[in-house]
Undergrad: 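Provided herewith is a single structure, encoded as structure tokens, for subsequent inquiry.
Heads up: numbering here begins at 1 and tracks the sequence. It should be emphasised that the depicted structure is a prediction, and the values quoted were computed from it without experimental measurement.
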Amino acid sequence: MAVRWIFLALLLAVLAAVPAFAASSQTFLAIVFAKSLAVLGLLLLLQAGQVSFGHGMFFATGAYTVAFLGRSMGGGDIALLLAASAVSSVLLGLLVGLFVVRYRYIFFGMLNLAFSMVLYSILEKFFHLTGGSDGLRIRRPSALGFAFDRAQFDTLIYYLTLVLAFGAAYLVWRYLKSPLGQALKAIKSNETRLEYIGLSARFVMLVGYVISALLCGIGGACLGIIQGIATPEYSYWTRSAEFVFIAILGGVGHVAGALTGTFVYEAVRTYAAAFVADSWQMILGFVLLAIILKAPTGIVGLVQAVADRRKAQAGAALTVETAR
């Protein structure tokens, strides 16, 4: 356990030094951190054995909240914009969650997809309000009343998304170890037994659902600010499927899988698109197939399994030496 915390401290130190030594990677990593927030939200639901193909609606809610509020405030302050995105995402998550948490498995996934596509249609059709398929431009916000130029703002948003991603990962990890988080996992194994001990499975699911909506909303707000635009594509089903893809790639059983999977996904997509522009989806498909066939627990699960195997081998070797 101590080794993991040391590794995490070293990783954070390296990431904190990126603006000084690899400034060109800031935007790429900021996108990774923003998307990993949404993947963390999906990861929560996957702990309960539920897959949502509609969480893009909360991603889009966060981005469009920033766009609308920023336009009315002449850019606005980034702290206020993120807070407003969190509130709007929580409210929508509560509204939709009250309905969908009554269902499980394919019905849960398809209902989320339906709600997401309704939002997508609204964003597409109400052109004069939402900008239609062109979306809405997001102006560069200030931070605590201070305006920044492009380079300064890139560094600011990098550190902001870094703190949000790792802070959210830690809080999700703590939540999953709490009684409510353990109850969320129990829905996957034996929901009936959960009801027998006096806990409402719907309430447990609703809490997890709202938290997942919150994380997706903040992630969408961050990505909208980074890219400077909010488009209906944020709520399209392919965006939600992308989050599910990343969660499986990184490993649904580990909080670190959200960050690891997002980084690998974005790296493969970026470099594959650069060299084979028309076939990068095929390369991503092969990567996912390889992970599913060779490492069904994801990248993090594979690394952990290898580490455990080596630890067991080292322990066996030590036992043999001691016996001699």
Side-chain angles (χ1 to χ4, degrees), residues 19 23-38 54-92 116-162 164-165 213-240 242-243 262 266 269-270 273:
S24 60
S25 301
Q26 284 183 151
T27 301
F28 169 77
L29 289 173
I31 291 173
V32 168
F33 297 145
K35 285 189 174 182
S36 68
L37 287 167
H55 263 51
M57 66 178 135
F58 305 117
F59 201 73
T61 298
Y64 273 91
T65 299
V66 168
F68 285 127
L69 194 59
R71 185 170 61 176
S72 65
M73 299 177 63
D77 187 90
I78 193 168
L80 178 61
L81 295 177
L82 290 179
S85 298
V87 171
S88 62
S89 301
V90 166
L91 290 176
L92 181 61
S116 182
M117 294 308 294
V118 167
L119 178 61
Y120 172 78
S121 298
I122 292 173
L123 295 175
E124 275 271 341
K125 302 301 181 185
F126 287 79
F127 178 83
H128 297 291
L129 182 63
T130 65
S133 59
D134 294 330
L136 291 177
R137 178 175 174 268
I138 297 176
R139 296 179 58 182
R140 188 187 309 154
S142 61
L144 301 177
F146 296 98
F148 297 88
D149 61 29
R150 182 75 251 179
Q152 292 173 329
F153 187 76
D154 285 345
T155 302
L156 171 69
I157 197 67
Y158 170 78
Y159 280 119
L160 178 62
T161 53
L162 172 64
L164 286 174
L214 169 65
L215 291 170
C216 283
I218 295 176
C222 289
L223 188 63
I225 292 172
I226 293 167
Q227 295 183 332
I229 193 171
T231 69
E233 184 269 338
Y234 280 21
S235 68
Y236 198 58
W237 73 268
T238 53
R239 177 70 69 172
S240 302
E242 177 183 304
F243 297 147
T262 309
E266 288 298 321
R269 187 174 74 163
T270 299

Undergrad: Which residues pass the side-chain contact (heavy atoms from CB on, under 4.5 Å) test with S89, not counting sequence neighbours?
TA: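 T61.
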Undergrad: Step through the shown structure and confirm whether more than 12 heavy atoms of other residues, nucleotides or ligands are within 6.0 Å of CZ on R140.
TA: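 Counting neighbours around CZ of R140, more than 12 heavy atoms of other residues, nucleotides or ligands fall under 6.0 Å, so yes.
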Undergrad: Measure the spacing between CZ of R139 and CZ of R71 and express it to the nearest 0.5 Å.
TA: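 If I round to the nearest 0.5 Å, the distance is 11.5 Å.
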Undergrad: Tell me which one of T155, T161, D154 satisfies side chain to side chain donor-acceptor pair (under 3.5 Å) with Q26.
TA: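 The side chain to side chain donor-acceptor pair (under 3.5 Å) with Q26 is passed solely by T155 among T155, T161, D154.
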Undergrad: Let me confirm one number: the OH-CG distance from Y64 to L119, rounded to the nearest 0.5 Å.
TA: 8.5 Å
Undergrad: What are the two closest non-hydrogen atoms of L223 and K35, and how far apart are they?
TA: CD2-CE, 4.2 Å
Undergrad: Return the minimal non-hydrogen interatomic distance between I78 and I157, and the atom names on each side.
TA: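 It is CD1-CD1, 3.7 Å.
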Undergrad: Between H55 and F58, how do the two ring planes meet: parallel, tilted or perpendicular, split at 30° and 60°?
TA: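 Plane angle over 60°, so perpendicular.
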Undergrad: What's the shortest heavy-atom distance between A60 and L123, and which atoms?
TA: CB-CD1, 4.3 Å
Undergrad: Roughly how far, to the nearest 0.5 Å, is the CD1 atom of I226 from the CZ atom of F153?
TA: 8.5 Å
Undergrad: Locate the shortest heavy-atom distance separating L81 from G70; write the atom from each residue and the value.
TA: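 Closest approach of L81 to G70: CD2-N, 3.9 Å.
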Undergrad: Would you name the heavy atoms of A63 and G220 that are closest together and state the gap between them?
TA: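 Smallest heavy-atom distance, with atoms named: CB-O, 3.5 Å.
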Undergrad: Using the side-chain contact (heavy atoms from CB on, under 4.5 Å) rule, take E242 and R269 through it: C-alpha gap first, then chi angles, then the decisive distance, then the call.
TA: CA-CA 12 Å; E242 177 183 304; R269 187 174 74 163; 3.9 Å; yes
Undergrad: Tell me whether the centres of the aromatic rings in Y120 and Y234 are closer together than 6.0 Å.
TA: no
Undergrad: Walk me through whether I218 and C222 qualify under side-chain contact (heavy atoms from CB on, under 4.5 Å).
TA: CA-CA 6 Å; I218 295 176; C222 289; 4.2 Å; yes
Undergrad: Tell me if a side-chain donor or acceptor on S85 pairs with a main-chain N or O of G62 at a distance below 3.5 Å.
TA: yes
Undergrad: What's the spacing between L29 CG and T27 OG1 if we round to 0.5 Å?
TA: 9.0 Å
Undergrad: Keeping the roles fixed (side chain from T231, backbone from D134), state whether a donor-acceptor pair exists under 3.5 Å.
TA: no
Undergrad: How many angstroms lie between atom CD of Q227 and atom CZ of R137, to the nearest 0.5 angstrom?
TA: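 Interatomic distance, Q227 CD to R137 CZ, rounded to 0.5 Å: 14.0 Å.
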Undergrad: Could you tell me whether the side chain of I229 reaches within less than 4.5 Å of the side chain of I138, counting heavy atoms only?
TA: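 No, their side chains stay 4.5 Å or more apart.
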Undergrad: Just by distance, with hydrogens left out, do S116 and S235 show a side-chain donor and acceptor under 3.5 Å apart?
TA: no
Undergrad: Which pair of heavy atoms, one from L129 and one from F68, lies closest together, and at what distance?
TA: O-CE2, 3.3 Å
Undergrad: Are P141 and I225 side-chain neighbours, meaning at least one heavy-atom pair lies under 4.5 Å?
TA: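 Yes, side chains in contact.
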Undergrad: If I take atom CD from residue E266 and atom CZ from residue F33, how far apart are they, to the nearest 0.5 angstrom?
TA: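 Reported to 0.5 Å precision, the distance equals 12.0 Å.
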